[in-house]
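Working notes, beginning with the structure itself.
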Amino acid sequence: MTDAVIIGGGHNGLVCAFYLARAGLKVTVLERRDVVGGAAVTEEFHPGFRNSVASYTVSLLNPKVIADLDLHRHGLRIVNRKVSNFLPLKDGYLATGDGRTYAEVARFSQRDADQLDAYNARLETIADILRDLVLQSPPNMSEGGLLQALPDLIKSAALGKRISNLDTTGRRDLLAMFSQSAGDWLDGWFESDPIKAVLGFDGIVGAFASPYTPGTAYVLLHHVFGEVNGQKGAWGHAIGGMGAITQAMAAACREQGVEIRTGVSVAEVLTEKGRAVGVVTDGGGTLRARSVVSNIHPKLLFQTLLDPALLPADFNERITRYRSGSGTFRMNVALSELPRFTCLPEPGDHLTGGVIIAPDLAYMERAYADARQHGWSREPIVEMLIPSVVDDSLAPPGQHVASLFCQHVQPVLSGGRSWDDHREEVADLMIATVDKWAPGFKASVLGRQINSPLDLERTFGLVGGDIMHGVLSLDQLFSARPVLGHGAYRGPLKGLYLCGAGTHPGGGVTGAPGHNAAREILKDFRRF
């Protein structure tokens, strides 16, 4: 018997396994695919060309997780983007980061440039609160008497004290960030379209929503609380792709004695007398354990691996209502040469950043509305990264790879249509969209890898193609992620735990859910 069996070898499962094993527990990780890493993997998708398959950039990976797992010693190297974002326009462009943002924004609006310092300072104040909360377990809001509720009351009081330390401006900003749309928030700060487009893109990344949908201001905030190499809010690239992160994590786990089994799919969580006691694999094998830890999407755990009769009726209802679907269409392309944008045709540092094809918030709003009606936007939003400009291990000399992160598309096509019948058509559209801004891009494509929302669900277990394991809305955050009363990484059955992105603090390659879940599991082991 093992102490803990972890379902799913994605990055959070590996992080959780490391901490449990370091504390002396016997841990086994079961991964359905033939490689660990979940959505953070690097694969060859065209002869000689490798890239991150699903997740594609680094910022949110927690510094404590990096240090505790000693990931750099295990081979991880992260380099900062020279330019944060590049926004091509019909009459010019906007490039941010690397000390150039003020001058760039001033070309469109001096007033907006003068607002940047205040905007960044106030956003950082709120982001710092989120950073403080990332590695904390939420109050569980559990039922029971005072003794049972006391730990959660203490956590709530500590959180309240942290917020009470904000001045009035900070409290008002906090309320706005959790309730407003990204568009309304940015409209209150800036007047020029380009800076609002660059900042507003973070509000709809991984969210099937308009930038004017209430709640997208929090999605924006979620994407700015990270850091790279000690620089807050920065974005970077893992040399070797995102798989370099999870391979380093796997090496750290094995060093602690974790057993990692790939090619093993779990068919059922084994229960006895209302307690999780192990798993049954698709091959019919049984692995008994003192605890079962799920790193998979909450819907997959509770609706496919467990008998609903074992769970409270209201809990089942809430899981059924749990919203998942990010409107993401993900591609990788092999390129014979670098793209040349009409507004800035020569190669340069602008190609090291995230290239955002969506010139203003109105474009993003139309893309969402069109996708809701048609199935996918006929003028889609595309973010393109070209990691080979900073990492020559990904492509043959003189050639390149690009990640295309495309929105908006319906997570599940309406009208009985299947993504299997439309994936090639939409992939053509995404490439054509880039080609409009960088003529010749289409002709430079040597090969491509397509992941529609259905592909993302089949391959990585991302229900509805949701890269966050569930919508980042106020009713699905913190103590309510995935369900209020089970927000502290403990499932409704004894011995059952959750450590994936369907728990606090949500999606992104952070390692935080795995870190926090391990702490709660170890508390229970010490107690019982």
Side-chain angles (χ1 to χ4, degrees), residues 1-8 12-30 64-65 68-69 133-156 158-159 253 256-259 266 269-279 287-296 298 301-302 305-306 310-312 315 319 478-505 511-528:
M1 176 183 287
T2 189
D3 291 314
V5 57
I6 297 179
I7 306 171
N12 279 310
L14 295 172
V15 170
C16 184
F18 169 85
Y19 284 109
L20 295 180
R22 191 178 68 169
L25 271 60
K26 184 179 179 181
V27 183
T28 300
V29 175
L30 303 181
K64 184 176 186 297
V65 170
D68 287 350
L69 275 69
L133 294 178
V134 159
L135 295 183
Q136 293 186 25
S137 299
N140 205 34
M141 308 301 180
S142 55
E143 297 180 357
L146 179 61
L147 186 61
Q148 291 87 352
L150 187 58
D152 296 317
L153 291 173
I154 293 172
K155 288 180 186 177
S156 299
L159 175 59
C253 285
Q256 295 295 329
V258 175
E259 180 186 12
V266 173
V269 173
L270 189 63
T271 61
E272 293 177 359
K273 298 179 180 179
R275 182 180 182 89
V277 295
V279 298
L287 178 62
R288 297 185 68 86
R290 295 172 65 195
S291 62
V292 176
V293 188
S294 171
N295 185 38
I296 63 175
L301 171 65
F302 294 114
L305 301 189
L306 281 162
L310 298 171
L311 306 171
F315 181 88
I319 288 295
F478 203 47
S479 295
R481 191 169 185 88
V483 173
L484 192 67
H486 295 284
Y489 311 100
R490 295 173 179 85
L493 301 178
K494 290 183 179 180
L496 180 64
Y497 300 88
L498 292 82
C499 73
T503 63
H504 171 73
H515 169 281
N516 298 349
R519 182 180 57 233
E520 298 306 313
I521 294 166
L522 290 172
K523 282 181 184 178
D524 290 352
F525 266 78
R526 295 184 187 110
R527 185 179 299 127
F528 298 114

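If you read the sequence from its start, that first residue is 1, and numbering goes on from there.
Across all non-hydrogen atoms, the minimal contact from G13 to I6 is O-CD1, 3.6 Å. Nearest heavy atom pair, residue N140 against residue G487, reads OD1-N, 2.8 Å. Counting all heavy atoms, side chain and backbone alike, V15 lies closest to G514 at CG1-C, 3.9 Å. The minimum heavy-atom distance linking G511 with V65 is given by the pair O-CG2, 4.0 Å. Minimum heavy-atom separation, A17 to V27: CB-CG1, 3.8 Å. The two atoms that bring G500 and N12 nearest to each other are C-ND2, 4.1 Å, heavy atoms only.
Between V269 and L301, the closest side-chain pair of non-hydrogen atoms falls below 4.5 Å. With a 4.5 Å cut-off on side-chain heavy atoms, I521 and C16 count as touching. Looking at heavy atoms from C-beta onward, I319 lies out of side-chain contact with L311 at the 4.5 angstrom threshold. At a threshold of 4.5 Å between non-hydrogen side-chain atoms, the residues Y489 and S294 do not count as touching. Between V29 and C253 the shortest side-chain heavy-atom distance does not fall below 4.5 Å. Side-chain contact between I296 and L305: present, with at least one pair of heavy atoms (C-beta onward) separated by less than 4.5 Å. Contact annotation: the side chain of S291 approaches that of F525 to within less than 4.5 Å [non-hydrogen atoms, C-beta and beyond].
The residue from H504, R490, K523, E520 that alone fulfils the side chain to side chain donor-acceptor pair (under 3.5 Å) condition with S137 is E520.
The line from CG of L493 to OG1 of T271 is 7.0 Å long, rounded to the nearest 0.5 Å. The OG1 atom of T28 sits 4.5 Å away from the CD atom of E259 when rounded to the nearest 0.5 Å.
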#### Entry: side chain to side chain contact (heavy atoms under 4.5 Å, CB included) evaluation trace for D68 with R22
CA-CA 10 Å; D68 287 350; R22 191 178 68 169; 4.2 Å; yes
### Task
Let me see the working for T503 and N516 under side chain to side chain contact (heavy atoms under 4.5 Å, CB included), right down to the final yes or no.
CA-CA 10 Å; T503 63; N516 298 349; over 6 Å; no
### Message
Test side chain to side chain contact (heavy atoms under 4.5 Å, CB included) on L25 and R290; report intermediate values, then the result.
### Response
CA-CA 10 Å; L25 271 60; R290 295 172 65 195; 5.9 Å; no
#### Entry: R519 vs Y19, side chain to side chain contact (heavy atoms under 4.5 Å, CB included): CA-CA, chis, key distance, verdict
CA-CA 8 Å; R519 182 180 57 233; Y19 284 109; over 6 Å; no
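Looking at N295, its side chain never comes within 3.5 Å of a backbone N or O of I7 through a donor-acceptor pair. Counting only distance, with no hydrogens or angles, the side chain of H515 and the backbone of V134 share no donor-acceptor pair below 3.5 Å. Side chain of D3 to main chain of A21: no donor-acceptor pair is present (N/O by atom type, distance under 3.5 Å, no hydrogens or angles). Although no hydrogens or angles enter the test, the distance criterion places a donor-acceptor pair under 3.5 Å between the side chain of S479 and the main chain of P139.
E272 has no carboxylate O lying under 4.0 Å from a charged side-chain N of R275, or vice versa, which leaves the two without a salt bridge.
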